[in-house]
Amino acid sequence: MKIETKFFDEVEIEEENIIIFEAGIPGFEDYKKYIVMDINPNSNLKCIQSIEDKNVCLIITSPWNYFKDYEFELSDEEIAELEIEQESDVAVFNVLTFRESKITANLVAPIIINVIKNKGRQIILQNAKYDVRQELPC
Amino acid sequence: MLVLARKDGESIIIGDGIEVCVIESGNGIVKLGVNAPKNVKVLRKELISQVRNENIESINNIEEIIKKMK
């Protein structure tokens, strides 16, 4: 199917690559279907693009590219909701924001994707020692 | 909204497994202890709106991130 995207205009995507966020993404609760795309092959960055609204496109990166010690535990409820069976089912991304010439990563609310079942959720860590706006060391 | 008065050290019970205890209060701050099953997430409410606002802000200026991190 063809979708409109923020960066690449119209893109042909495979329906089997669509990731369902049952709860939406906070702030964009109405949109449940997303696709993860590389920005360019040499970059650590990806984007998570709504297939329903081209303007809903968040830049994400694997936290371990920048924060080697980043860690958290998923709750039983999150594991059940995303139908996670093993650690290798899971991809973790954090949303990047640009403001006042700085790039920050939201380490409090990682996006968790079950890459086998194509289900995703942005979770909020409880008692997190991390920041919503953690500056990227770059 | 149900309103209950509690003293320091007193608790309320929600449903089957959740206890909220007033540990200490005073100076406009109440320190609460929450005993809840592992599958119940306890969050400061403002954290949820912070995450929502951060997401909404993040879709602005994304070209700048790409430019800066090339």
Side-chain angles (χ1 to χ4, degrees), chain A residues 6-7 24-29 39-40 42-50 53-61 65-66 73-81 94-111 122-128 131-134 136 138, chain B:
Chain A
K6 174 98 180 173
F7 284 116
I25 289 177
F28 312 106
E29 286 84 353
I39 300 280
N40 73 52
N42 308 317
S43 168
N44 286 331
L45 304 182
K46 293 176 187 289
C47 65
I48 183 159
Q49 168 75 57
S50 159
D53 181 341
K54 69 177 252 186
N55 291 314
V56 176
C57 176
L58 298 88
I59 302 283
I60 54 175
T61 190
N65 289 329
Y66 301 96
E73 214 172 299
L74 294 173
S75 71
D76 294 347
E77 200 185 26
E78 288 153 355
I79 289 169
E81 186 198 316
N94 296 73
V95 179
L96 302 183
T97 303
F98 179 89
R99 82 167 68 65
E100 293 160 11
S101 75
K102 284 185 186 142
I103 298 169
T104 59
N106 182 350
L107 296 187
V108 171
I111 289 178
Q122 186 178 29
I123 66 166
I124 300 180
L125 302 180
Q126 184 175 313
N127 297 325
D131 226 316
V132 172
R133 297 177 180 176
Q134 180 66 52
L136 234 56
C138 65
Chain B
M1 184 187 282
L2 172 67
V3 179
L4 299 165
R6 302 277 67 198
K7 293 182 182 139
D8 289 0
E10 292 181 341
S11 289
I12 63 165
I13 302 289
I14 302 170
D16 270 341
I18 302 172
E19 178 182 10
V20 181
C21 177
V22 178
I23 292 174
E24 201 183 306
S25 62
N27 295 328
I29 295 172
V30 181
K31 198 182 268 183
L32 300 173
V34 181
N35 270 320
K38 217 178 145 218
N39 64 348
V40 174
K41 191 158 263 207
V42 181
L43 295 171
R44 292 181 177 84
K45 188 178 176 183
E46 68 272 17
L47 193 58
I48 296 169
S49 47
Q50 256 182 47
V51 167
R52 181 176 291 125
N53 293 340
E54 190 71 8
N55 282 342
I56 291 168
E57 200 178 340
S58 79
I59 70 166
N60 304 320
N61 305 320
I62 56 179
E63 293 85 354
E64 295 294 327
I65 299 177
I66 294 166
K67 228 188 280 171
K68 207 168 169 187
M69 294 188 55
K70 245 181 203 165

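Here is how names work: the chains are called A, B, and so on, in the same order as the sequence lines, proteins then strands, and each is numbered from 1.
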Notebook entry, point to check: Is a side-chain donor or acceptor of B:Glu10 paired with a backbone partner of B:Lys7 at a separation under 3.5 angstrom?
Noted result: yes
Next item on the list: Select, from A:Gln126, A:Arg133, A:Glu77, the one with the greatest count of heavy-atom pairs under 4.5 Å involving chain B.
Entry: A:Gln126
Notebook entry, point to check: Looking at A:Ile123, A:Leu96, A:Asp76, A:Ile25, which one has more heavy-atom pairs under 4.5 Å with chain B than the rest?
Noted result: A:Leu96
Note to self: Regarding B:Glu64 and A:Lys102, does a basic nitrogen lie under 4.0 Å from an acidic carboxylate oxygen?
What the structure shows: no
Item checked: Residues B:Arg52, B:Glu57: salt bridge by 4.0 Å N-O rule -> no
Checklist line | Any side-chain heavy-atom pair of B:Ile59 and A:Leu58 under 4.5 Å | finding: yes
Given a strict heavy-atom distance threshold of 4.5 Å, which part of [X] is in contact with chain B: side chain, backbone, both, or neither?
X	value
A:Leu45	side chain
A:Asn55	backbone
A:Ile39	side chain
A:Leu125	backbone
A:Val108	side chain

Notebook entry, point to check: So, B:Ser25 and B:Asp8: side-chain donor and acceptor under 3.5 Å apart, yes or no?
Noted result: yes
Next item on the list: Ignoring hydrogens and angles, state whether a donor on the side chain of B:Asn55 or A:Gln122 is under 3.5 Å from an acceptor on the partner side chain.
Entry: yes
Next item on the list: Report the option among B:Arg44, B:Lys41, B:Glu63 that has the most heavy-atom pairs separated by less than 4.5 Å from atoms of chain A.
Entry: B:Lys41
Note to self: Using heavy-atom distances under 4.5 Å, tell me whether B:Leu43 contacts chain A through its side chain, its backbone, both, or neither.
What the structure shows: side chain
Item checked: Within 6.0 Å of CD in A:Glu73, more than 12 heavy atoms from elsewhere -> no
